Undergrad: 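Structure provided below as structure tokens; questions to follow.
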Amino acid sequence: MARRCLFLPLLLLWLCCTRITSGQINGTVILSRFNSTSSSFSSGIVRVYYNGWGNICNDAYFHYVEAVVICHQLGFDSEISYSTSGQNTIYGTDYLPTVWQGLDCGSYFLSVSQCFYSTEIDHQCSSNSQDVIVQCSSTKIWDNPFLGMIRLQGGYYSNEGRVELYCNGQWGTICNNGFDSTDANTLCRQLGYDTCVSYTSSSRYNLSQPVWSNNMYSVSGTGCFGDTNACPLQSISNCSSQISLMCGESSLSIKYAATKSLCSQVMQNNKLLTSLVLFRNNVTSALFTSGIIRIYGSSWGNICYDYSFRANESHVVCHQLGYTGASSYSRAGLKNYGMDLLSTTLSGVSCSDGGYLSISQCTFNLYGWNTPCYSDSYDATVTCYTTRIWDDPFPGMIRLQGGNYSNVGRLEIFCNGQWGTMCVDGFDGTDALTLCKQLGYNSYHRYYPTIYPANSSQPIWGNNMRSTVNEQCYGASNSCPGSSVSTCSHSSDVALECKWKQHNAGRQRTTLATCMGLIKPLTVTNGAVTLLRHSVDGPTIYSGIVRVYVNGWGNICNDDSFGLSEANVICHQLGYTGASSYSKAGVESFGTDHVSAKWDDFNCDDSNFLSVAQCTYSTAIDSDCSSDSTDATVTCYSSKLWDSNPYPGMVRITGYYSNEGLVEVYCNGQWGTICSSGFYDDDANAICRQLGYESFSQYNHLTTIARNYSQPVWSTEMSSRENTCFGSMNSCPSHSLNASCAIYYKTVTISCKENSRYLIYGNTVSTCSHKIIDDLPVGTIILTQKGLPSKSYSSGIIRVYDNGWGNICGGPGSGFGQSEANVVCHQLGYTGAASYSYYGEAGYGEDSLYTKWGNLSCGSNDGLSVAQCSYSTVISPGCQKDFYDATVSCYRTRIWDSSVYTGMIRLQGGYYSNEGRVELYCNGQWGTICNNGFDSTDANTLCRQLGYDTYYKYNNLSITAATNKPIWVTNMKSKSSDTCFSSSNSCPTEPVTTCSHSSDVTLSCGESSESVKTSTQCYNPETASRGTVVLYQRGTASSSYSHGIVRVYFNSGWGNICDYSYSQSEANVVCHQLGYSGASSYSTAGDGGTYGTDPSATKLTNLYCARGEYLTLLQCSYVNTTISLYCSYDSHDVTVQCYSTRIWNANVFYGMIRLQGGIYSSEGRVEIYCQGQWGAICSIGFTSSDASTICRQLGYTDYESYNNLSQPTDSSQPIWAGTSSRFCYSVCSNYTYCSTSHQISVSCVYSLSSSNNFATVYNCSNGAIATPTDSSSTDSTISLTKVLIIAISVMIAIAVLTVLTVLTALCVVFIVRKKIRRSSASGTVRYTTVAVEDADSEQPIALPQYQYAALPCHAPQQQQQSTAPVLLQSTAPEEQHQPEEESPMELASSKEAVVEKLDETTGDNISEDSLILNVSNEQELLLKS
């Protein structure tokens, strides 16, 4: 629609709302003081622009009203006084001509453009002494805003500026999207002007300010934003530009009467009668699902919780809010929602049907004041289910979206499986009334092109809607189109506001079921099943009342025959893996289904059946099934049958009902379609029988389902001859047959049905699973539960592939034990088996396949695949029973999460554990291998590393690329004898950049021969340093375990610790070394019931830790030379259970060190805690002394290496710079000139040749880290320029100091000889202090800069010959050590240091006039006199 500004006389001078640069428009007003103007003045001489600037005469017409209007136009709320320039000279004289006299407003308008005036100036008004002066109040007119209020900001004059709109308690802007001249005119009229002069768009002034309007809609003549617009629920996010506006006067004869109150109630009045919202603790929100109910009458109020407000009423409230129903209801006095102090609007609310859609369909008393409705504690509350009523839509369902209330918003219709909008073209009041009736209202308030923007990807499902006044459903006279409307844009989407009109005849009786089925998605056939919840059904509901279609919809009676088998079959027909529970409608909270029972005595012989057509039933309904409370209900597992383990040739139907829709078949790892070319009755019957139905009803009849050319076609000219499986006479092609299915052919659609109660096909979930032989290698393994295999299972019956799927014998005498169970779990990617058994004892249901392997023997716990084990394919009679199928329950920890090592290989993304995308662990991160140069020798190497004999295929799998991972290798090298990636390859320092992830290697591994068994060990634990500790659980060891058998690396090998003298103290130290806060319990391995048995030899015995606070095991005493017979038994290996809390979370302090990202706890990226944050340490300037300090602080004696580990960096961490003492590392500032590539990594060792380290958990925690006294310095900036300046300064200082030293020495000698007091040779040593942070209080304290005192100058000669340094002691030293072992941080722990008496011979103190020396923190000076 064309919309233009309404200029009348100025039309020839101005194009409508053209862009101009001057704000000087007729009617512009500003105040002047001493010939200076400002938009901030609230008082002064009034200037008005009328073909030039001039004044207004204070004549007989000018009164209080005119002064108020001027103040309003300037943005002030009111006027305080007015006068003439001659009466009030405080503003000087404004020497402009008078341009207006006889100003007459007549009302408290918003601008002088609304007033009448004369431009013919009388003689009495020609003097400047008659110029009008006003004094306005300081209160702005927008200080008391209302919803939809408009103001202009940022302009020099009050009639120009950035448009701001008040919504949701905050001022925001208006987006330029869709903004036109009609919108501009509307806003100017609201501000009191006749018309717009110009509008412009510019970048948003304040990005934190919300945007309250997008695609603003106005019609010619409207004068309030709220007339055709509403406030959104939240800020518009897709807008970068805002609207600025200039308003003005167009004509003396046209006056637009706008006042402060004109638009103030427009949006308030748009809260339509029976609008609902929930209130909680003084906040209302359309998004709340629970709270006190607020309802709008003539104002907001509450619903009384009286005798009539019960379950039905609460369900209807939730339906109106868009939820599926109410889970509970109550009153405010019994809930914690606070009190809503509004009056009661409705009482006696009574809804005869809980399926109603709005409260206006119920009866109620307006403004009823019955007891107990006087009290706010009796305001009704409700808690709704969080599921939306439209989550299970039907064709022709409608909803309103984007509005502040559920009865206001953008109209959306559900068609063709998708929500879309309605075009306003041809839409009228009859259509609006019909749609509001469908939503449960009896009237509409208004409709208009939407102000609630739609998703641009949404289709437009309708235009030129047809309705009659008596209809109440969209589907009564309308249908879903075949495609989106292309002649309409989303800017013309219908927005609708519905309401209850008190005097309209009758109340609506619509429920969701009223309009359901008018537009049929597909043709319903006998045997169709659906689930119903609160009158809503749909293809996504997996729990509810069971409905079955037999010449009409009805229920199944839950009588004595209805059990878990029947519930499972119903869930299978709906596409789910089974039923988790079943019950009756009278017990469950699914509402009531008022249709009659169709089936009684429903009985399914096999719980693995696929449809109710395979079961028996009676259509003669007993009297005990006549009540709706006996209707059967089921709750299905949410997992779909075709997601758990699709097999080649598996078939599914995707449609509204589970028995009709598009036919899809699974081939080559992907779902595809069947071409209608050559598809006949036998083929249709085969498809339906595979799914458990007797026959087809129709096929190729669903015209609403269009062919998807992006989906592969797996079958054309399908062949069937009385078959019950697709795979009986068909196979999977090697590639899609799209090219063979001509464009004029459809993809097959079908409807399956039940024909007879006496002809039943016995297909189950596994009947057709082996008709098309899988392209799989021998030795492939998967687990199955209740007949369904899945790669996600960690427990179940074991299936193995050997020219077809079968089981492994696990019964008594079969040889299947812990070792075999561990290897099966290893092949599946888990760390081991928690338990094993056989089907008859494990509760996984029955797997009806043949036994493939017996006498499985792996010989070791450490094997990685069953290809490394021996077995027999000659099955003994005892193993031929399904009862003895082997089962396993694996630990859920993945092998690659517990024992990762550089060069480790895993397969990811495949359906089975022996296939997938190859991933390689390098530099602390999993990455991929490029297929450039990759050949069969490389494939064999990787499969052998994974425990298989050989590769089966490579680069054969279509797997989603791992785009977030690096590519570590291209042109991999292998020899035919290699069994590990690391045999001929190593990890690079940087990822490969010459290859893309579309070229990632994929691999399938398998067994080549029973006689060839690969035993591979690529994990090299010998690289550990002495004293490294890991924990062992059932065949795998890891430093990440928090409990297990303790392993220690000692004398070039791994071993265990004997339990002799092992106690809580030793267990604590083990946990400390692994990074945990301590041990919750400790024990011995015993018979291996908990952690298995570790066959490693005993390395240490008589372990004794004098302090449980030690950090590493080798700080303790032990015996490693003679291991007693007692300690040689694995049952005496010590175990530990550590607390899960990390030591750096439980006892963190400034200067704390930890190692991260290493394979073992003794190595990794160095991180230090400083300024409240963990950060790395820069390798620039890092020396071996620093590495030693770090390792000593962690309880080791020395470092083994540093910067030798390829550890992943953490770019989010700061990098700290600082210095170290011998035992503790001190850090004080952020090193801004160090990149993450220079983060230090260290490997620590406990050397037997070094002296013991007695570091504890608290070793460095008492000392605070020194920080510069200048708090403004936060970064340590290191640059070459500064280094050069410092070096030059030092050289100059040395030269000057040399001269001064000689002079000083002469002075000292002179002074000492003159002032020495021989009677006392003692005094106080002075020392300097620096500001430090105490680790506990984080407050600055004072401490000596170092701990060595200066010797007095006047000491006796024999004392001067002493070269021993003297240590200062704190007032309360914790422990005395040798000087070279002392930690400066410990000695600095006291807040007050005292100098000990120094001269032990004489007992003298140091003289007051002694020479004062400052000794730096890095020196150990031997001071002489």
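A quick note: this is a predicted structure, and the numbers were derived from the prediction, not measured.
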Undergrad: Is it true that a side-chain atom of Gln868 and a backbone atom of Val823 form a donor plus acceptor pair closer than 3.5 Å?
TA: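 Not a single qualifying donor-acceptor pair exists.
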Undergrad: Going by atom types only, do Ser819 and Asn822 share a side-chain donor-acceptor pair under 3.5 Å?
TA: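 No, because no side-chain N or O of Ser819 sits under 3.5 Å from a partner of the opposite role on Asn822.
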Undergrad: Roughly how far, to the nearest 0.5 Å, is CD of Glu1200 from OG1 of Thr1028?
TA: 7.5 Å
Undergrad: For residues Tyr1202 and Ser1241, determine if any side-chain heavy atom of one lies less than 4.5 Å from a side-chain heavy atom of the other.
TA: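 Tyr1202 does not reach Ser1241 side chain to side chain.
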Undergrad: Is a side-chain N or O of Asn985 found less than 3.5 angstrom from the main chain of Phe981, in a donor-acceptor match?
TA: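 Yes: the side chain of Asn985 pairs with the backbone of Phe981.
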Undergrad: Hey, could you give me the OH/OG1 distance between Tyr1041 and Thr831, rounded to the nearest 0.5 Å?
TA: 4.0 Å
Undergrad: Could you state the interatomic distance from CD (Glu1167) to CZ (Arg1154), rounded to the nearest 0.5 Å?
TA: 4.5 Å
Undergrad: Tell me whether Thr902 contacts the main-chain N or O of Cys922 through its side chain, where contact means a donor paired with an acceptor under 3.5 Å.
TA: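 Judged by distance alone, no pair lies under 3.5 Å.
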Undergrad: How about Trp1054 and Tyr1160: are their ring centroids closer than 6.0 Å?
TA: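 That pair passes the under 6.0 Å test.
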Undergrad: Do you see a donor-acceptor pair shorter than 3.5 Å between the side chains of Arg1192 and Thr1197?
TA: no
Undergrad: Determine whether the aromatic ring centres of His1072 and Tyr1110 lie less than 6.0 Å apart.
TA: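 Aromatic pair excluded; centres sit 6.0 Å or further apart.
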Undergrad: Are the side chains of Val1134 and Val1046 in touch, meaning some heavy atoms are under 4.5 Å apart?
TA: yes
Undergrad: Near Tyr1129 OH, under 6.0 Å, is it more than 12 heavy atoms from other residues, nucleotides or ligands?
TA: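 No - once you tally the heavy atoms of other residues, nucleotides and ligands closer than 6.0 Å, there are 12 at most.
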Undergrad: Verify the distance criterion only: is there a donor paired with an acceptor across the side chains of Asp1059 and Thr1084 at less than 3.5 Å?
TA: no
Undergrad: Begin from the C-alpha positions of Ile1045 and Leu1031 and carry the test side chain to side chain contact (heavy atoms under 4.5 Å, CB included) through to its verdict.
TA: CA-CA 5 Å; Ile1045 300 171; Leu1031 298 180; over 6 Å; no
Undergrad: Of Leu1111, Ile1168, Ile1153, which is the lone residue that meets side-chain contact (heavy atoms from CB on, under 4.5 Å) with Gln1193?
TA: Ile1153
Undergrad: Do Thr1135 and Thr1090 make a side-chain contact, defined as non-hydrogen atoms from C-beta onward lying under 4.5 Å apart?
TA: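 They are not in contact (no side-chain heavy atoms under 4.5 Å apart), so the answer is no.
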Undergrad: Does some side-chain heavy atom of Cys1127 sit less than 4.5 Å from a side-chain heavy atom of His1132?
TA: no
Undergrad: Checking the side chain of Tyr1196 only, and the main-chain atoms of Val1245 only, is there a donor and an acceptor separated by less than 3.5 Å?
TA: no
Undergrad: With side chain to side chain contact (heavy atoms under 4.5 Å, CB included) as the criterion, how do Tyr921 and Trp968 come out once you've worked through the C-alpha distance, each side chain's angles and the decisive distance to 0.1 Å?
TA: CA-CA 9 Å; Tyr921 190 78; Trp968 286 133; over 6 Å; no
Undergrad: Which distance, rounded to the nearest 0.5 Å, do you find between the CG of Asn1051 and the NZ of Lys1099?
TA: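 Spacing of CG (Asn1051) from NZ (Lys1099) equals 5.5 Å.
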Undergrad: Just so I know, are the side chains of Leu1194 and Ser1162 near enough to count as touching, which here means a heavy-atom distance under 4.5 Å?
TA: no
Undergrad: Centres of the Tyr1091 and His1043 rings: under 6.0 Å?
TA: yes
Undergrad: Going by the disulfide bond (SG atoms under 2.5 Å apart) test, which pairs reach into residues 1060-1107, not counting sequence neighbours?
TA: Cys1071-Cys1138, Cys1105-Cys1116
Undergrad: Return the OG1 to CD1 distance between Thr1101 and Ile1057, rounded to the nearest 0.5 Å.
TA: 9.5 Å
Undergrad: Do Phe1149 and Tyr1169 have ring centroids that are under 6.0 Å from one another?
TA: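 Judged by ring-centre distance (under 6.0 Å), Tyr1169 and Phe1149 do not meet the cut-off.
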Undergrad: Using ring-ring contact (aromatic ring centres under 6.0 Å, His included) as the criterion, list what pairs up with Tyr1062, not counting sequence neighbours.
TA: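 For Tyr1062, the residues satisfying ring-ring contact (aromatic ring centres under 6.0 Å, His included) (neighbours in sequence not counted) are Tyr1082.
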Undergrad: When you compare the side chain of Tyr1199 with that of Ser1184, does any pair of heavy atoms fall below 4.5 Å?
TA: yes
Undergrad: Can you name the residues that form a ring-ring contact (aromatic ring centres under 6.0 Å, His included) with Tyr1118, not counting sequence neighbours?
TA: Phe1050
Undergrad: Given 3.5 Å as the limit, does a donor-acceptor pair link the side chain of Gln827 with the main chain of Val824, or not?
TA: no
Undergrad: Would you call Met904 and Trp926 a side-chain contact if the rule is heavy atoms closer than 4.5 Å?
TA: yes
Undergrad: Looking at side-chain heavy atoms only, is the closest gap between Asp1133 and Thr1098 below 4.5 Å?
TA: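 Yes, at least one pair of side-chain atoms sits under 4.5 Å.
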Undergrad: Ring of Tyr1076, cation from Arg1142 - is the NZ or CZ under 6.0 Å from the centre and inside 45° of the axis?
TA: yes
Undergrad: Is there a donor-acceptor pair under 3.5 Å between the side chain of Gln1115 and the backbone N or O of Ala1106?
TA: no
Undergrad: Please determine if Arg1026 forms a cation-pi arrangement with Tyr1049, meaning its NZ or CZ atom is less than 6.0 Å from the six-membered ring centre and no more than 45° off the ring axis.
TA: no
Undergrad: To the nearest 0.5 Å, what is the distance between SG on Cys1170 and CE on Met1152?
TA: 14.0 Å
Undergrad: Start with the C-alpha gap between Asn1056 and Arg1047, add the side-chain angles, then the distance that decides, and say whether side chain to side chain contact (heavy atoms under 4.5 Å, CB included) holds.
TA: CA-CA 5 Å; Asn1056 306 116; Arg1047 268 190 182 181; 3.7 Å; yes
